[in-house]
Every structure is written in structure tokens, then in C-alpha cells.
Amino acid sequence: MATHCKEYEFSQIEPHWQSFWESDHTFRAPNDTSKPKFYALDMFPYPSGAGLHIGHPEGYTATDIISRAKHAQGLNVLHPMGWDAFGLPAEQHAVKTGTHPASNTQNNISNFKRQLKALGFSYDWEREIDTTDPRYYRWTQWIFLQLFKRGLAYVDERPVWWCPELRTVLANEEVVDGTSEVGHYPVERRNLRQWVLRITAYAERLLADLKDVDWPDSTKRMQEAWIGRSEGAELLFELENKSLGDLKVFTTRPDTLFGATYMVIAPEHPMVAALTTPEQRDAVEAYRKKAAAKSDLERTDLAKEKSGVFSGSYAINPVNGTRLPIWIADYVLMGYGTGAIMAVPAHDDRDYEFAVQYQLPIIQVIESPASAEGASPKLPYTGEGKLIHSGPFTGLDWREAKKRITADLTAQSRGKATVNYKLRDWLFSRQRYWGEPFPIVWVSEADYLKALVARKSDMPEQPVTYTNQGVTHFALPLPEVSLPLTLPDVQSYLPSGTGESPLANVTEWLQIWINFETGQAVPASQPKPEGAAWIRGHRETNTMPQWAGSCWYYLRFIDPKNERAVADPKLLQYWGVPDLYVGGAEHAVLHLLYARFWHKVLFDAGVVPQSEPFKKLFHQGIILGEDGEKMSKSRGNVVNPDAIIASHGADTLRLYLMFLGPLEAMKPWNPRGIEGVHRFLQKVWRECIGEDGGVNPKISENAQEPAELTKLLHETIKKVTEDIDALRFNTAISQMMIFANTLQKASAVKRTTALALIQLLAPFAPHLAEELWARLGNQASVLFGPWPKYDASKLVATEIKLVVQVNGKHRGELMVAVGTTQDQAVAAANENAKIAAFLAGKTVKRVVFVPGKILNIVVE
RNA sequence: GCCCGGGUGGUGGAAUGGCAGACACGACGGUCUUAGAAGCCGUUACCGUAAGGUGUGCAGGUUCAAGUCCUGUCCCGGGCACCA
């Protein structure tokens, strides 16, 4: 049922159809496995207090257009939405106001939901999920347990930002210029006990499987760079002081071994103390202290100037016995390779800079183009070439030398080929309240061993432990049946003050008797319950980072209410992974890499049937303010979607967001441009609806519409259909505008022609389309199609325009019959007075003829 | 420093190596109107009255033909940054 307005009154039409869709359950995605499916996914938002930003509906409109078009094309479409609702702002709000973060979060969610509904997105709201809902995070915890029992989760001391004044841990983004963002107090690095996920165990697969996904090249390259695979060799250098054994280094350039003139170890290297001679002790100690005080940030920030100190010891070059002084310098990082290098200043920029600074020798061992010609070589030379000054290897190509030298040293047990990755294990805990609690209880070794007998399949091969004040605690996973482990109520959301989360102050929740078979717990203040499975323990106080919930949400949409599994295996099989995933490029590395990691673990666990979560990925571009600057409150250039919906309607906003330019481009918002698309929608209305509110009298079942209009319709169906599939919405809209302009000029229009236009427009401007579709006599939603098909025979013309060039310059056009030959075309050109003038008195040298397109006559 | 992406009218942008500027915005003129709004019809890259010439950041090159391919260079945006 349509509305009764006579003019295009979007403020009546849009709410009307939104409530129709809701009561009709138009967007429900049935688990009808007999139909082909299409799964279109948006990156779900963090429901901030500020509400929807104009950037949100950009990507969401794109997936909505695809979803609606696929629906009309007969596919079973899954197009869900949910909330990534754990996060810092809600916690900060709770600290400030003392109210539970959940209540503020729920308010924000309902505001977001209202705004999304006002945009008319075809989400199946019955599949809505919320990462802070215990029914959801129960499975986040369950997945953590899968990682845990596979030995992919461990505990380690890791440095975090600590602010003594605020007595709290800060996230990277809360630290600005070495002070806290709040109050500008000094911050320092402090080691805290952290959960870490062993993502490095999947480095090779995360890299290799990038070849199987349809992603933007730039995003693939960013992930490749982040994983940072490099092939090289680990080499053992004998130390002059033989009692100390060997020094192991990693190098990608074993071919330059003869050019090594010194060694460097990181200040944190375990052999620093042993290698430091008594006379160097003071200098080394001072240097180590200085390096330790530097943060990671400073260490990289001060990259311009290298620093180091001589240890007093020497290593022996395995290929030629040269003595190499061992230096300690912070340009070598303990976290990569072996934390020690052989320095080849002639062929490495960093070693060169250091060698010059400390006057260390530089020996060239790879021939550069300049040195090959006898000129003085420009060092450092990092390019390719033949080996020189390299004993038996002299004259070899560098690539060959790499293999030979590595093989030689391998034969002598002094080296082996290895692969290193830049990727580090993932720091997976936060000292916060508003996150998923870890389903872990810390128990004594004796109790752990007792539990191990009953729960062997839940435990990692190596127990996870930590030691505090001489006592070692063992990580006991909660039984799966006892999940979720919910967040307890707390008195205060303020951090504990010791660097632990506020949960550390909830003694009743923290200190417990736990039944290791059932996971039941009672506060330790109460008497121990009867039974051998009851043991004493304390809960983990860290919570999971925001990434956790977003790592697997695309799976939960498939079966959001399942209480027995992440999702039903049959439905995981049917819906599979998203066919299209749209979101910002700011998640190119972390979110997408973490989610791929979890997905692969779930694949290995047999939970999901495919090894990659996101087949096709697309990044929408950023919408800038009117001034071409990034939108921000402080600049005052923020566009509020609510205001546009009120002034022009949701359909106009959707259409304009897509018309602004290519989806992937960064583009400025132009408030005047929106009038253009609004006028277009009004024009479509007027062409369909007469002044009296009835169907425009020019539309009729058997109208004699111009042949030109029919042909253009089929061209438009073709172009719009193809452009939607390729996510080229701006050109699709422009084609519909061209069609509407032609439609307007026609005095008679077939009803089917008008209906086809409405169907093509429906994914873009669904409210208007539903209204017109109904008024032209249809009962069911326009969403149910079927999608118009173009007739290829209608596209062929009998006459076509041929562009004529003389010497490559445009000199005229000819209308010629299809199938015109080159000779006929040249003859026609000669008969055309304008073109003939340029040919008069000239000799034709060459003729280029592209049938149906161009005739280029080259003269003289 | 390294790796990407991009520079096209007054503006957003369009263009399988084949008419540069589609489609819009804005501007100007016309029509309708008592007047306006809306709608409709024109014009709108630059120089030139015109014929014509010149034009896709800049300089070259390949080609019958280059916004598109190649080389160099400048500018803007993004990512990474002592990873041996």
C-alpha cells in the first residue's frame, strides 16, 4: 500500500515504507539452503556517543545497493548489522559518571539503530549482534579456549605505558608526546603480565593465502609488509674467548660475509655481560641504562643518529678468520632475528653510517657498476653484482654466492638457511573493565596437575604459568559448559592503581573456590564446598582487547542465537564467508590480519569449512568536509546525516553519497551538489505520477514509445547492472539520469519501461522506488524482482557514427551503415565537404580504419 | 628514506590506446509568471568575430592515434620506517 501524497513528499514516503518493511519482515534472510546465497557484510561500528558519522552510510549504502540488487536477482541475501560495543570511550564515560558502561552503550546502540533505520538499509535486524552481550562473548571466550588449548596463548611480561600520576595503564593513542593525553602527566614504560597470542605460528599461511583473496593490492601489500618475511641465514661466529661459545647472527646477505668488519649485538642481548671486558664495563653499563630508558618510540624517532659502545670482545669470521670487534648498539633490535648482526658497512646503509661514525673499516665485496669501470665506488652499495675480495667465492654472482656460502657453512655446522618475520606475537590483554573476561583461573601446580587428569583435552601441551613473589601460578581454563564468564559489578570503574584492571578489586569474584570439572565457583571467603574437584584459585583480571569481538562476528551473523555452538555447521557451510566485505582502509592491517588468524585457527579446529574469512574486500574512501579537510568537530565541518535526511530525505542522501565520485576515492562533501540528485528523484516522480497523484497519463500498457527510448532502456539496464556488480555506483546513477532526461522528452512511455527504471533505481533509492512500484500497480515489494534483463538485439543500431580524422585530428563525423567497409568510408569522407577540404591536393600515405569507430587518413 | 595511490573546466567527476570534459553542481541567457520559486529550452575548457589553434601537473619518448603505454621530474595523499 502506497501513501496518497500528490507530490514527492519524502518525509511521508520514507517512514511509511520503513514501517512496512519492518512489519512485512521484508529483509529477513531465511536459512533456505536450496537457494544460492549472497552474503554482504559491512564492518560493524563502534556505537559512539556522537552517533552516525557521514562516513558510515557511505560504505553501508554500497553494500545495501548490492544486497537489494542481488535480492531482486533471486539470491538469498544475508545482510546483517551489529555492534562492536566494547571499548575505551564507554569505560571512560563510566569512570566519569559512575554508571555501568553497559547502560551508556545500550543508549548509543539505540541511537545508531534509529539512524540506520532512517536510512532504509535492508538489514535483517533479527540477526543483530552485540559483542558485549554475554550470549555473544560466551563464544568469544570459547574461541579463546580453542587458542589456549592449541598452545597459541601464553603469558609474558610486556612493556606498556604506565602513568604514575593517573596510576593507570594507557593505550598507545592515549599517550601524546610522551605525556598522558588526559592531564599531560609524564608516562613511562613498565613491564606488566600480559596475555599474548602466537600469531607468528601462522605467519607463513597468513602470507601465502593472500594470493587467494580478491582484495585491493595496496591492502595485500600492507599485510605482506607487516608480516615481513625475509629469507637469509643464521650464521655462527666463534668468539675469541672460546669459553663463551658462539655468537649467532641473522643475515639476508651471507654473500657479503667477507665484507664483515665488526659485529653488533642489541643492548638487551643476553650475552652483553659476558662479552663486556672489565675495562669497558662502565661504558657499556652506562649505554645500556640509556638505551633502556628510551621508549620504542624514541629509539625509532632518534633514528637519524646512531650510537653504540665497544664491548671489548672479538668474534672470528668463519670464512677468513678475521677478528671482528663486537659492538653494542641500539640500532640492532633484540626482537628481530637473533638480536645480533654481522656488520657489512660497504653494503648496508645502517652499518655504513655506524662505521663512519666510529671509524670502523669498510671493505667492498660486491662489484658495483662504478667500481666495475674502475671508478671509485659510491658506498654503501646495496645493489646486485659479482663478488670481489671474497677468496674462493670471488667472481660469483651474488645470488649464487648466497647459496654457496650458506651451503658451505651449513656443511661445517656453522650456519643454516632460515626465514624471519617482522610480525610479532599479538598482545591480547588490556588492564580494563569493559572487555571480555578471560575464562582462566590461576591455580597451584598441584591443583593444576589434579585438574589435568580430568581435563587433558582442554589443556595446552605446555602449561601456561606466571610467577609472582616466588609463587608460580598455573592457568586453568574454565570448562566450556560454564561459559560465559560474565563481568561482575564493580564499585568503581577506576583502575586498581596497581596497573591491574578494576576487576582486581572485586575480591568476591576474584578469589574463589572453583570446581575444575564444572567451572562452578564460590567466593573464597565462604567455606570450601564438598568434593575433590574443588580447588582454590584466583581469576584472571585482564580483559580482552576490542579486536576480540570483531575477529569472528561475521560467523555469528550466520546463526546469531545458537546456544550450542559458534554457529550450526550446516549453516556455516551454506552461508560460508562474506561474498563482499566493505569497510575503511584504516583496518587494512590489524583487524583484517587478526580475523584471518582466528579464522585459520577455527579452520584447523574444524569449526569453519574454509581457510580465509573475506573473499572480496573493498575499502570505501573517506568523505572530507566541504573545505577539503578531514571532518572533525574542532574544524566545524562535520556533516550530520540526520540533518540531510530531514531536509532532503534518505533516498537523496544515499544517492548523493554514491554520486559523489568513485566509492574508493577520498572526496569532499559539497552541500550544493545534493540538489542535483534530489531534482533527479523529483523528475522520476513527475514522470511516473501526474499532478493529480494518479499514474502519469503518458504511461500506458501499449504506448508507442520512441524506438530511441527503448534502445536507451536496454543500454541502461546493461550499464546499471554491470556497474552495480563492479561497485561503480556514480556512473550507474549518471546513466539513470541520462535515461530519465530522455524519458521526460518522450510523449508516450510503456508501463514496462517505467517499471524497469523504478527497479534499477530501487537499490539506490528504495523508498521512492517502493512507492512508485506500488502506485504503478504492484503488490509485492520491488525487492522481489525479478531484476530487469536487457535484450542484446535491442542494442544494435543500423547506423553508427564514424569519427573521421586527418593526420590524427578530428575533422568530422559520418553517419554510416553498420558493415561499411574502409573503401566506402574513405569515399564518404571525400564526399563530405568539410573533410574533403583537408584532403584536397594531398597524397594519402596511409589509412587506419577501425570499423564502427574511427577513420584516420594520414596524408603527405 | 622506502612502498603504494593520485594530479583532467569555476567545482565533484566521466572516458576497452580511437570525438577529452559524460552526468551533475555553479554561472549566464531565454521561456512561463503580476512577481518569484519550481519546471522547461539554450550557452558554459582556453585563445579567436570567424576559419582555426591550444589544452588532462611539468619535460621528453613510443604510436596513424596518448588523460590512458614508457622514461625522467615536481606536487598532493596514504602506509611503513634502524626488521640486518
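Numbered from 1 within each chain, the chains take letters A, B, ... in sequence-line order. As the structure is a prediction and not an experimental result, all values here were calculated from the model.
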Once you apply a heavy-atom cut-off of 4.0 Å, does A:R424 come out as touching a base, just sugar-phosphate, or nothing?
base
I need a per-nucleotide contact map over nucleotides 23-30 of chain B, read 5' to 3'. Cutoff is protein heavy atoms under 4.0 Å; write B for the base, S for backbone only, - otherwise.
BSSS----
With C1' as the reference atom in both, quote the distance from B:A84 to B:G5 in angstrom, rounded to an integer.
29 Å
Measure from the side chain of A:Q744, starting at C-beta and using heavy atoms only, and say which of B:C40, B:A14, B:C64 lies closest.
B:C40
Counting side-chain heavy atoms from CB outward, which of B:C40, B:G79, B:G18 is closest to A:M222?
B:G79
Assess the side chains of A:S307 and A:Y287: does a donor N or O sit below 3.5 Å from an acceptor N or O?
yes
Can you tell me the base-pairing partner of B:C58? Count Watson-Crick or G-U wobble geometry only, both distances below 3.5 Å, and say none if there is no partner.
B:G72
What is the distance, rounded to the nearest whole Å, between atom CZ of A:R811 and atom P of B:A51?
12 Å
So what does A:N730 touch, heavy atoms closer than 4.0 Å: a base, only the sugar-phosphate, or nothing?
sugar-phosphate
Please table the atom pairs, donor to acceptor, closer than 3.5 Å between any side-chain atom in residues 738-748 of chain A and protein atoms at least two apart or in another chain.
residue, atom, partner, partner atom, Å
A:N741, OD1, A:K683, NZ, 2.7
A:N741, ND2, A:M737, O, 3.4
A:T742, OG1, A:I738, O, 3.1

Syn/anti label of B:G13 as read from its glycosidic torsion, with the cut at 90° from 0
anti
Quick one: A:L624 CG to B:U11 C1', roughly how many Å, whole number?
14 Å
Strand partner of B:A27, provided both Watson-Crick or wobble distances fall under 3.5 Å
B:U43
Checking all strands, does A:F838 fall into the base, sugar-phosphate, or nothing category for heavy-atom contacts under 4.0 angstrom?
sugar-phosphate
Mind checking who B:U33 pairs with, Watson-Crick or G-U wobble, both distances under 3.5 Å?
none
Please give, in whole Å, the distance from B:G39 C1' to A:E687 CD?
11 Å
Using the P atom in both, what is the distance from B:G79 to B:G26, to the nearest Å?
34 Å
Answer yes or no: does a side-chain N or O of A:S230 lie under 4.0 Å from OP1 or OP2 of B:A84?
yes
Nucleotide paired to B:C64 in any strand shown, Watson-Crick or G-U, under 3.5 Å
B:G18
Would you mind classifying the nucleic acid contact of A:K745 as base, sugar-phosphate or nothing, using non-hydrogen atoms under 4.0 angstrom?
sugar-phosphate
Base, sugar-phosphate, or nothing: which does A:V858 touch, judged by heavy atoms less than 4.0 Å apart?
sugar-phosphate
Tell me what A:Q682 touches on the nucleic acid: a base, only sugar-phosphate, or nothing, going by heavy atoms under 4.0 Å.
nothing
B:A81 C1' sits how many Å from A:K306 NZ, rounded?
11 Å
Measure from the side chain of A:F250, starting at C-beta and using heavy atoms only, and say which of B:C64, B:A84, B:C80 lies closest.
B:A84
For A:M342, which contact category applies under a 4.0 Å heavy-atom criterion: base, sugar-phosphate, or nothing?
nothing
Could you tell me which non-hydrogen atom of A:K402 sits nearest to which non-hydrogen atom of A:D255, and how far apart they are?
CG-OD1, 3.5 Å
Show me the pairs that pass side-chain hydrogen bond (donor to acceptor under 3.5 Å, both in side chains) and involve residues 333-349 of chain A, at least two apart or across chains.
A:S230-A:Y336, A:D348-A:R350
Taken to the nearest whole Å, NZ/A:K422 to P/B:C3 is 12 Å
Less than 6.0 angstrom from the centroid, inside 45 degrees of the normal: does A:R596 satisfy that with respect to the ring of A:W215?
yes
Under a 3.5 Å limit on both distances, the Watson-Crick or wobble mate of B:G77 is B:C4
For A:K667, answer base if it contacts any base atom (sugar-phosphate contacts may also be present), sugar-phosphate if it contacts only those atoms, and nothing otherwise; contact means non-hydrogen atoms under 4.0 Å.
sugar-phosphate
For B:A84, which nucleotide is its Watson-Crick or G-U wobble mate, given both distances must be under 3.5 Å?
none
